[in-house]
J.: 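Sharing a structure here in structure tokens format.
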Amino acid sequence: QTSDAETEASYERVDKIISLMNLGEKHLIVLNGRMNGISNRQLAIILGCTIGGVHGFRHVMMRRYNKVMRLYAQEL
């Protein structure tokens, strides 16, 4: 069982990682959408882009996440 303090610490860590990733508005829409089960097709409609465009946003997010984890993993 996870304590409230551990849960809060996890959310703070996630917020810090997302902040360090320096994501734009559309990246955040894709991130939140995928976390809430919205399909790439639905996200493409919401963003007014192609499904390939959504994949591009996800690719950028993965690269930035990997960079943040390489640079800051010890501090997080």
J.: Can you check whether I38 reaches N32 side chain to side chain, under 4.5 Å on heavy atoms?
T.: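 Contact flag for I38/N32 side chains = no.
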J.: Within a 6.0 Å radius of atom CG on D4, are there more than 12 heavy atoms belonging to other residues, nucleotides or ligands?
T.: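 Check fails, neighbour count at 12 or below.
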J.: Give a yes or no on whether M35 and I29 share a hydrophobic cluster (residues Ile, Leu, Val, Met, Phe, Trp, Tyr; joining criterion: side-chain heavy atoms under 4.5 Å apart).
T.: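 As far as the 4.5 Å side-chain criterion goes, I29 and M35 are connected within one cluster.
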J.: Would you tabulate the side-chain donor-acceptor contacts of residues 59-76 under 3.5 Å, counting partners in other chains and residues two or more places apart, or write 'none'?
T.:
residue : atom : partner : partner atom : Å
R64     : NH1  : M21     : O            : 3.4
R64     : NH1  : N22     : O            : 2.7
N66     : ND2  : M62     : O            : 3.3

J.: Sequence neighbours left out, cut at 3.5 Å: what donor-acceptor pairs do the side chains of residues 42-53 make with other protein atoms?
T.:
residue : atom : partner : partner atom : Å
Q42     : OE1  : S39     : N            : 2.9
Q42     : OE1  : S39     : OG           : 3.2
T50     : OG1  : G52     : N            : 3.4
T50     : OG1  : G53     : N            : 2.9

J.: Could you check I18 against L28 for side chain to side chain contact (heavy atoms under 4.5 Å, CB included), going step by step and ending with a plain yes or no?
T.: CA-CA 9 Å; I18 291 171; L28 292 170; 3.9 Å; yes
J.: Contact between E6 and S3 at the side-chain level, heavy atoms closer than 4.5 Å - yes or no?
T.: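 Answer yes - side chains close enough.
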J.: To the nearest 0.5 Å, tell me how far R58 CZ sits from H55 NE2.
T.: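 With rounding to 0.5 Å, CZ (R58) is 6.5 Å from NE2 (H55).
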J.: Let me confirm one number: the CG-CG distance from D15 to L20, rounded to the nearest 0.5 Å.
T.: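 Answer rounded to 0.5 Å: 11.0 Å.
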